[in-house]
Amino acid sequence: MRQEPAPAKVNLALHVTGQRADGYHLLDSLVVFCDAGDVVTLTPGPLSLRLTGPFAQGLEADPDNLCLRAARLAGREAAITLEKNLPVASGIGGGSADAAAVLRALDAHPAHPETLGADVPVCLAGVPCRMQGVGEIVTPLPALAPLHLVLVNPGMGLSTPEVFRALTRRDNPPLPDRLPDLGTPEALLSFLTDCRNDLEAPAIALLPVIADCLAALQDAGARLARMSGSGATCFGLFADPQDAARAAREIGATHPDWWVVATGLAPAPAKG
């Protein structure tokens with residue numbers, strides 16, 4: 001048996017910089033991974049998938065599930081159990097993180113993991129990265145300042161293609177060619193303040209409650225509040241773990257139907 005964490009992916013910044021002729025969008029993003037996440041367990045046996053966890057009801061164990069697709073891409077058989085702790089279709093890479101965890105558990109290194117989804121290569125890396133192109137260009141970053149986050153999801157999913165269709169401009173400026181030193185909280189926060197998530201505005205137009213999530217994080221003292229990915233999960237950055245835990249308690253008490261969790265950065269995946 002092998003158990004592998006599938007940590008939540010957070011886009012600290014997500015700039016949409018163009019669109020290819022085949023319709024795929026070009027991205028420039030800073031990505032980190034959180035302690036909060038799903039868990040994948042593999043045991044020997046014919047290829048199968050069992051779903052557990054608080055968000056299992058949002059998924060089907062059908063052949064198109066990314067965990068099964070990842071195993072087929074690796075050409076391997078295993079009985080897979082997915083403990084689904086992250087909301088589905090929520091902009092924090094749940095399905096991609098799950099697929100990457102399956103590949104790591106199988107010690108598989110497919111040539112083109114991006115065929116499973118744009119976030120799979122960066123989720124395979126599992127460390128703070130700059131992600132570019134359509135997700136296939138992944139550059140690990142030097143050590144980042146410690147991060148203390150609160151993740152908030154309003155309990156409603158968003159379709160990534162719909163959010164991209166609602167985007168009014170697709171040729172936005174990228175991140176700087178050379179990133180500054182982001183090793184202190186002040187430097188990281190200063191840099192991120194000048195960054196964006198270009199999908200935030202179209203996502204809010206489709207699902208206005210996202211603006212409420214951002215406002216709740218700001219009201220709880222977040223030093224920066226932003227949406228991750230194509231939404232609807234938002235994150236807030238806080239000064240220390242105690243502030244993050246307090247904010248999560250306050251937001252959760254005010255909005256008991258929201259998914260709210262305080263978290264830090266995940267450790268790097270184990271090798272081999």
Side-chain angles (χ1 to χ4, degrees), residues 1-11 29 31-129 131 135-136 138-141 144 147 149 151 153 228-229 233 235 259 261-272:
M1 182 182 83
R2 177 157 175 182
Q3 193 171 78
E4 190 71 28
K9 171 224 65 170
V10 171
N11 299 90
S29 180
V31 177
V32 296
F33 295 89
C34 299
D35 279 330
D38 299 335
V39 180
V40 166
T41 304
L42 273 65
T43 55
L47 185 58
S48 63
L49 177 62
R50 184 171 72 95
L51 300 169
T52 68
F55 291 99
Q57 72 277 9
L59 290 176
E60 297 290 338
D62 58 42
D64 201 43
N65 184 281
L66 280 170
C67 289
L68 296 174
R69 288 176 57 194
R72 290 198 299 270
L73 183 64
R76 306 280 288 279
E77 299 263 325
I80 303 169
T81 298
L82 169 59
E83 181 186 312
K84 194 67 188 165
N85 301 314
L86 300 178
V88 177
S90 59
I92 48 177
S96 295
D98 299 339
V102 169
L103 292 175
R104 282 197 301 270
L106 292 171
D107 196 23
H109 308 278
H112 297 288
E114 68 273 11
T115 58
L116 295 171
D119 284 336
V120 173
V122 76
C123 289
L124 265 175
V127 296
C129 286
M131 179 182 73
E136 83 284 13
V138 174
T139 308
L141 297 173
L144 289 185
L147 290 178
L149 305 94
L151 306 181
N153 183 280
S228 179
T233 304
F235 66 91
W259 177 76
V261 62
T263 182
L265 292 186
K271 299 295 184 181

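- At a threshold of 4.5 Å between non-hydrogen side-chain atoms, the residues Phe235 and Asn11 do not count as touching.
- Between the CZ atom of Arg2 and the OG1 atom of Thr41 there is a distance of 11.5 Å, given to the nearest 0.5 Å.
- Heavy-atom minimum distance, Pro87 versus Ser90: O-OG, 2.8 Å.
- When all heavy atoms are compared, the tightest approach of Ala97 to Pro7 is CB-O, 3.5 Å.
- Side-chain contact between Leu103 and Leu116: present, with at least one pair of heavy atoms (C-beta onward) separated by less than 4.5 Å.
- Using a 4.5 Å heavy-atom threshold, the side chains of Arg72 and Leu47 count as touching.
- The side-chain heavy atoms of Leu73 and Arg69, taken from C-beta on, include no pair separated by under 4.5 Å.
- A 4.5 Å side-chain heavy-atom check between Glu114 and Val120 finds every atom pair outside the cut-off.
- Of the possible donor and acceptor atoms, one in the side chain of Arg104 sits under 3.5 Å from a partner among the backbone N and O of Pro5.
- Looking at heavy atoms from C-beta onward, Val39 lies in side-chain contact with Gln3 at the 4.5 angstrom threshold.
- Among all heavy-atom pairs drawn from Phe33 and Val122, the shortest one is CZ-O, 3.2 Å.
- A distance of 9.5 Å separates CD in Glu60 from CG in Asn65, rounded to the nearest 0.5 Å.
- Between Asp98 and Lys84, the closest heavy-atom pair is OD2-NZ, 3.1 Å.
- The minimum heavy-atom distance linking Cys67 with Leu49 is given by the pair CB-CD1, 4.3 Å.
- Atom CD1 of Ile80 and atom OG1 of Thr43 lie 9.0 Å apart (nearest 0.5 Å).
- Distance check: Leu106 CG to Glu77 CD gives 10.5 Å after rounding to the nearest 0.5 Å.
- We find the OG1-CE distance between Thr81 and Met1 to be 9.5 Å, quoted to the nearest 0.5 Å.
- Residues Met131 and Asp119 form a side-chain contact, since some pair of their non-hydrogen atoms from C-beta on lies under 4.5 Å apart.
- For Thr263 (side chain) and Ala36 (main-chain N/O), a donor-acceptor pair under 3.5 Å exists by modelled atom type.
- Atom CG of Leu59 and atom CG of Leu51 lie 6.0 Å apart (nearest 0.5 Å).
- With Ser228 contributing its side chain and Gly91 its backbone, the two residues share a donor-acceptor pair below 3.5 Å.
- Minimum heavy-atom separation, Pro269 to Val127: CD-CG1, 4.1 Å.
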